[in-house]
There are 2 protein chains.
Amino acid sequence: MNSPRKATRIQREKREVILTAALEAFSEDGLRGATLEKIAEKAGMSKPHVVYYFGSKDAIYTDLLQSLLEVWVQPLRDLSEDADPLAAILTYMRRKLRMSQDMPRESKMFATEILHGAPRMRPQLSGDLKVLVDEKAALIARWSAEGKIAKIDPHHLIFSIWAMTQHYADFDIQVEAVLGDARKANLYDEADAFLTEFFVRALRP
Amino acid sequence: MNSPRKATRIQREKREVILTAALEAFSEDGLRGATLEKIAEKAGMSKPHVVYYFGSKDAIYTDLLQSLLEVWVQPLRDLSEDADPLAAILTYMRRKLRMSQDMPRESKMFATEILHGAPRMRPQLSGDLKVLVDEKAALIARWSAEGKIAKIDPHHLIFSIWAMTQHYADFDIQVEAVLGDARKANLYDEADAFLTEFFVRALRP
DNA sequence: ACAATTTTTGACCATTTGGACAGAAAAATA
DNA sequence: TATTTTTCTGTCCAAATGGTCAAAAATTGT
């Protein structure tokens, strides 16, 4: 089941195809709702073949979650000293918003996992993620103390950016239902304009 | 299976017990993840007994969702003309935040449902809910036009209130993991202070 | 007290589903 | 080409699970 030395090209490709199919399935129906059969079908192969590559449904799920996590926190990693702190925070917010727009399935998968207690991510949340957030919060707190941005709790500021940007991906059905079809086309432009103005007002010293 | 005239006291009580148990189960594991057996166990009765009262697992879920929806949108219903528009919006935000604090299971159940496409709520979202939101958005737009609050897109303002308040209930595991145990005790006080300041800055003309 | 009705459950069933297994097909290696 | 290894699937199985059913227990009405 496991490749001993290095993964062959075909192995890498197949695993990729399966992960893509699984992401679609999991984000639609969650871990329990998604079936191996559906994943196999989306991936264009037989059910045992999927098991052959990953061992179990759980393994696919966990694997996917882990590999996506790095991508997911990258924008926060990149938040750093800048000529203009306010612009830096706005850039971070915009990158998160863009991720909601471009990767709604990933966003939904994380949301579902955390919503249900994050049984497979808890250690990482209070480990790596906490360290990262604390570090960036300290940076923001410094900006705040130096009067470069408004005095504000940096942890909650980060939560608010997560909440507002991911909302557009996770609850897209609701957002679109409430706004109506007419405003659906340039929804993310609207969101960008709104959030930019919103955070500028909140953060300007 | 169905009571013909009026529900007896015992019927009302049993249904209530089942709904409470089901809310706990569904918010933990979702519709598919929650089992009739678990619901029955939490409710302190046998599995067929649960079916006797509701007919099916699906029926419990749908019933629950419908009855909770009214409670859920009540704070928005109550948003109305006020001596101080800014205060009115802040009150709305605070009531939503309090609901996250007091009813996290309800919040999670809605979140899961919408996240997975809201198959049983779609009509209500683009129907009743849209009407309600449009109405309140018009009110906010008027305040905005009269210069009583800042110029801001009212729909997105409402989304931002939903997003930021519900975030504390839906993603509590993540929030608590990142903040650490020390700040867990008065988390909602912190959130209240942060959000109040935040929205005041954003909305002040 | 007795009959009728409602409530409650144990036993059972059909379906779904994760995944094991043996072996076929294909590819790599010699 | 022959052999070894890897890839792939049809078939099957056991566990989980939503729901049925007949009958027991409890309650209600007279």
Side-chain angles (χ1 to χ4, degrees), chain A residues 1-65 112-113 116 119-120, chain B residues 1-65 112-113 116 119-120:
Chain A
M1 179 203 315
N2 252 337
S3 49
R5 296 278 151 180
K6 57 184 174 184
T8 100
R9 181 184 53 83
I10 200 167
Q11 282 173 338
R12 260 181 287 111
E13 282 178 5
K14 291 285 174 178
R15 285 180 64 98
E16 194 53 42
V17 168
I18 292 171
L19 286 176
T20 302
L23 172 60
E24 212 177 301
F26 287 138
S27 66
E28 279 170 16
D29 302 321
L31 171 56
R32 297 199 102 120
T35 69
L36 271 177
E37 193 134 329
K38 206 172 193 171
I39 294 171
E41 192 194 330
K42 281 181 197 281
M45 56 188 78
S46 71
K47 197 170 63 169
H49 197 194
V50 172
V51 176
Y52 169 74
Y53 272 110
F54 282 89
S56 72
K57 187 171 85 164
D58 238 75
I60 305 175
Y61 185 82
T62 304
D63 208 287
L64 199 49
L65 219 50
T112 306
E113 171 68 9
H116 290 12
R120 320 147 203 267
Chain B
M1 179 204 313
N2 251 339
S3 49
R5 296 278 153 179
K6 56 184 173 183
T8 102
R9 181 183 53 82
I10 200 168
Q11 281 173 340
R12 259 181 288 113
E13 282 177 5
K14 290 285 173 177
R15 285 179 66 98
E16 194 54 41
V17 169
I18 292 171
L19 286 177
T20 302
L23 172 60
E24 214 177 300
F26 287 138
S27 66
E28 280 170 15
D29 303 320
L31 171 55
R32 297 199 101 121
T35 69
L36 271 176
E37 193 133 329
K38 206 172 194 171
I39 294 172
E41 192 194 330
K42 281 180 197 283
M45 57 187 78
S46 69
K47 196 170 63 169
H49 198 195
V50 172
V51 176
Y52 170 73
Y53 272 111
F54 281 89
S56 72
K57 188 172 85 163
D58 238 75
I60 305 176
Y61 185 82
T62 304
D63 208 286
L64 200 49
L65 219 50
T112 306
E113 172 69 9
H116 290 18
R120 330 156 192 260

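Letters A, B, ... mirror the listed sequences (proteins, then strands); counts begin at 1. Reckoned from all heavy atoms, side chains included, excluding hydrogens, waters and symmetry mates.
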Any [X] side-chain nitrogen or oxygen under 4.0 Å from OP1 or OP2 of [N]:
{"X": "B/Y53", "N": "C/dT8", "answer": "yes"}
{"X": "B/K14", "N": "C/dT6", "answer": "no"}
{"X": "A/Y52", "N": "D/dC8", "answer": "no"}
{"X": "A/Q11", "N": "D/dT7", "answer": "yes"}

Open item on the list: What I want to check is whether the side chains of B/Y61 and B/E113 have a donor and an acceptor closer together than 3.5 Å.
Closed with: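 Present: a donor and an acceptor within the cut-off.
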
Atom-to-atom span, [atom1] of [X] to [atom2] of [N] - whole angstrom:
{"X": "B/L31", "N": "D/dT17", "atom1": "CG", "atom2": "C1'", "value": "13 Å"}
{"X": "A/D58", "N": "C/dG18", "atom1": "CG", "atom2": "C1'", "value": "11 Å"}
{"X": "A/F54", "N": "C/dG18", "atom1": "CZ", "atom2": "P", "value": "16 Å"}

Which donor-acceptor pairs under 3.5 Å do the side chains of residues 20-29 of chain B make with protein atoms, sequence neighbours left out?
unit_1	atom_1	unit_2	atom_2	d
B/T20	OG1	B/E16	O	3.0
B/E24	OE2	B/K42	NZ	3.3
B/S27	OG	B/L23	O	3.0
B/S27	OG	B/E24	O	3.1
B/D29	OD2	B/K38	NZ	3.0

Task: Proximity to DNA chain D (any heavy atom under 4.0 Å), residues of residues 39-48 of chain A only - done: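 Heavy-atom cutoff 4.0 Å gives A/M45, A/S46, A/P48.
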
If you restrict it to nitrogen or oxygen atoms, what contacts under 3.5 Å exist between nucleotides 24-27 of chain C and the protein, and what is each distance?
none

TODO: Name the nucleic acid region contacted by A/A59, choosing base, sugar-phosphate or nothing; use a 4.0 angstrom heavy-atom cut-off, strictly under.
DONE: nothing

